[in-house]
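Have a look at the structure below before the remarks.
Computed from a predicted model, the values in this text were never measured in an experiment. Whatever order the structure lists ligands and atoms in, that order sets their numbers, starting from 1.
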Amino acid sequence: MNYEEARKKMSALGQEHVLKYYDELPEESRTALLEQIAGTDFSVLERIGSVSSDKRGVFSPLAAMQLPEIEKREKELYDAGVKAIKAGKTAALLLAGGMGTRLGSDDPKGMYNIGITKPMYIFERIITNLLDVVKETDTWIRLFVMTSEKNHDKTVAFLKEHDYFGYREDRIVFFRQDMAPACDFEGKLYMEAKDRISTSPNGNAGWYSSMVRAGLDRILADEGIEWIDIFAVDNVLQRICDPCFVGATVLADVSVGAKVVRKAAPDEKVGVMCLEDGRPSIVEYYELSDEMMNAKDADGAPAYNYGVILNYLFRVSDLAGITDDRMPMHIVKKKIPYIDGNGNAVKPAEPNGYKFEQLVLDMIHQLSTCLPYEVIREKEFAPIKNPTGIDSVESARELLKKNGIEL
Ligand code: UTP
């Protein structure tokens, strides 16, 4: 794209100011800015003010496969899972494109050292967990790692420097997720530098479209991968591609399996698996009516009782049916660093604009069937969102120690 085309494109959007410093930029920066303008999807800006996507349908309960059934069928589930893994039908995909702002480190979240007496990085824990299954099944599971342009180089360099914590390099594929522009409350794009429009990763649902854009669906097809376990970088206890979960999802013949934990209290602040207008969905804790909180299943247990932990096994052949334009766009107020009218960098103390994100939980709602699969919270759920307090480095360390992991 040349300057004139870029100017036309941006002025049609009422965003010509992004070229304000163009004349004073060195050649390289000019090219970078024009490339960014050509490659960015600005249509997200049109979603500002369209609140209709928040409207929810009619909720009803969705039964989970609970621990007693899992224990009873353990051998059957395990054998089916091992069979799928050994046949190379199962891949893992690490969602590591987030900014980890709450943790407050400048490095990618996975580089965070949670060790006490020795180094123990978040990435190390995650890979060690996956390696358990690799050893158990004697199969090098294909591992995709999604980064963003903000953390890609550091992530790749760090993992390489640490020899991928024992994972086989040729079984890992990195790819960058797409970025979405960020703007002020009036919809004007922010600039993060004179040659760069402010952007942020487009949310954890970005994995599928970004993967396709990177041409990686070829790998899925070539290797006969039928299932992908998508998981967050920050839950240091989760099992990934564990045979019983894989087996349960395959045998249930659903579009997606979702690991869930029993709620600690009826009003716990977690998203809960359910049906919405007959399709799988997640109801947020603040959307639960009193009636839903008191509803009971056939056994007299709470009917909306299983919270998601961001670990899903998607059936690959059903992913193509998920279309971007049916996915709600979450428009989130955030602190967005920018340069002001004089070209000075500003780090706002309060939210000053919008970021645009699409979320994995909305992908679930586009599928027709889902199996919520119960895991034991103390054994599989230790998310690290904050340095201290709830879902923090501190709480995760406690849980790791309880599970016999030396730190
Ligand atoms: P969170 O929603 O907790 O976001 O991500 P975060 O970026 O890690 O942390 P905060 O909110 O800025 O403090 C849940 C998972 O989704 C990934 C994260 O890396 C994490 O594994 N994620 C999130 C992406 O891969 N891309 C995104 O655009 C957003």
Side-chain angles (χ1 to χ4, degrees), residues 40-41 44 92-112 114 121-123 125-127 129-130 143-152 154-156 158-159 173-182 198-211 213-214 216 228-238 240 258-259 269-271 282 284 307-312 314 324 327-337 351 354-364 381-393 395-396:
T40 304
D41 175 11
V44 292
L93 192 152
L94 167 59
L95 299 169
M99 301 286 279
T101 39
R102 283 170 285 173
L103 192 56
S105 162
D106 285 339
D107 288 331
K109 208 186 234 185
M111 285 172 62
Y112 201 90
I114 54 170
Y121 302 99
I122 290 180
F123 278 139
R125 277 264 35 102
I126 293 283
I127 290 179
N129 291 349
L130 182 57
L143 171 61
F144 295 97
V145 180
M146 181 171 83
T147 61
S148 85
E149 65 175 37
K150 307 265 181 199
N151 67 16
H152 182 84
K154 271 190 179 174
T155 301
V156 174
F158 179 80
L159 286 171
V173 182
F174 293 92
F175 68 101
R176 292 178 178 82
Q177 81 173 101
D178 297 330
M179 305 295 281
S198 298
T199 57
S200 63
N202 64 350
N204 54 28
W207 69 268
Y208 181 59
S209 52
S210 305
M211 205 177 174
R213 223 183 310 277
L216 300 182
I228 308 185
D229 192 345
I230 308 301
F231 61 100
V233 69
D234 48 30
N235 177 5
V236 286
L237 269 184
Q238 68 192 316
I240 303 144
K259 285 202 174 184
K269 293 184 172 159
V270 292
I282 286 131
E284 293 298 340
V308 285
I309 63 168
L310 191 31
N311 187 318
Y312 300 102
F314 283 92
D324 258 14
M327 292 270 287
M329 184 63 74
H330 296 262
I331 302 173
V332 211
K333 289 186 180 171
K334 290 266 171 129
K335 296 178 213 166
I336 302 160
Y354 298 124
K355 285 186 176 178
F356 300 85
E357 292 185 344
Q358 291 186 317
L359 303 181
V360 166
L361 52 90
D362 294 314
M363 295 177 75
I364 308 293
F381 192 42
I384 297 178
K385 302 288 182 193
N386 308 294
T388 57
I390 294 172
D391 294 345
S392 67
V393 177
S395 59

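- From the protein, the heavy atom lying nearest to atom 12 (O) of ligand 1 is Thr101 OG1, 2.5 Å.
- If you number the atoms of ligand 1 from 1 as listed, the ones under 4.0 Å from a heavy atom of Leu310 come out as 14 (C), 15 (C).
- The nearest protein atom to atom 28 (O) of ligand 1, hydrogens excluded, is given as Gly203 N, 2.8 Å; this is a heavy-atom distance.
- Taking the six-membered ring for Trp and the full ring otherwise, the centers of Tyr112 and Phe123 sit at least 6.0 Å from each other.
- A 4.5 Å side-chain heavy-atom check between Asp391 and Ile384 finds every atom pair outside the cut-off.
- If you number the atoms of ligand 1 from 1 as listed, the ones under 4.0 Å from a heavy atom of Met146 come out as 25 (O).
- Glu357 and Asn202 share no side-chain donor-acceptor pair at under 3.5 Å.
- Counting heavy atoms under 4.0 Å from ligand 1, residue Gln177 touches it through the side chain alone.
- The side-chain contact (heavy atoms from CB on, under 4.5 Å) test with Lys259 singles out one residue from Ile240, Asn311, Asp229, and that residue is Asn311.
- Near Val233, with a cut-off below 4.0 Å to any heavy atom, the atoms of ligand 1 are 19 (O), 21 (O).
- Proximity of a side-chain donor or acceptor of Thr147 to a complementary backbone N or O of Ala96 within less than 3.5 Å is not detected.
- Ring geometry, Trp207 versus Phe314: the interplanar angle falls from 30° to 60°, so the pair is classed tilted.
- Among all protein heavy atoms, the one lying closest to atom 13 (O) of ligand 1 is Arg102 N, 2.7 Å.
- The distance from ligand 1 to the heavy atoms of Lys385 drops below 4.0 Å at these ligand atoms: 1 (P), 3 (O), 14 (C).
- Among all non-hydrogen protein atoms, the one lying nearest atom 25 (O) of ligand 1 is Gly97 N, 2.9 Å.
- Residue Leu103 has no N or O atom closer than 3.5 Å to an N or O atom of ligand 1.
- When atom types are taken as modelled, the side chain of Asn235 and the backbone of Leu237 share a donor-acceptor pair closer than 3.5 angstrom.
- Side-chain N or O atoms of Gln177 include none that pairs as donor or acceptor with a backbone N or O of Ser209 at under 3.5 Å.
- Atom 8 (O) of ligand 1 has Lys109 NZ, 3.3 Å as its closest protein atom, hydrogens excluded (heavy atom only).
- Every heavy atom of Gly206 sits 4.0 Å or more from the atoms of ligand 1.
- Polar contact check, Glu357 against ligand 1: no nitrogen or oxygen pair lies under 3.5 Å apart.
- Neither the backbone nor the side chain of Ser148 has any atom closer than 4.0 Å to an atom of ligand 1 (non-hydrogen atoms only).
- Looking only at distances, no side-chain donor or acceptor of Lys150 sits under 3.5 Å from a matching main-chain atom of Gly97.
- Looking only at heavy atoms of the protein, atom 20 (C) of ligand 1 is closest to Leu95 O, 3.7 Å.
- For atom 24 (C) of ligand 1, the nearest protein heavy atom (residue, atom name, distance) is Gly98 N, 3.2 Å.
- A distance-only check finds a donor-acceptor pair linking the side chain of Ser395 to the backbone of Ser392 [under 3.5 Å].
- Residue Met99 has at least one heavy-atom neighbour below 4.0 Å for each of these atoms of ligand 1: 7 (O).
- Side-chain N or O atoms of Asn204 include one that pairs as donor or acceptor with a backbone N or O of Val360 at under 3.5 Å.
- The nearest protein atom to atom 6 (P) of ligand 1, hydrogens excluded, is given as Gly100 N, 3.6 Å; this is a heavy-atom distance.
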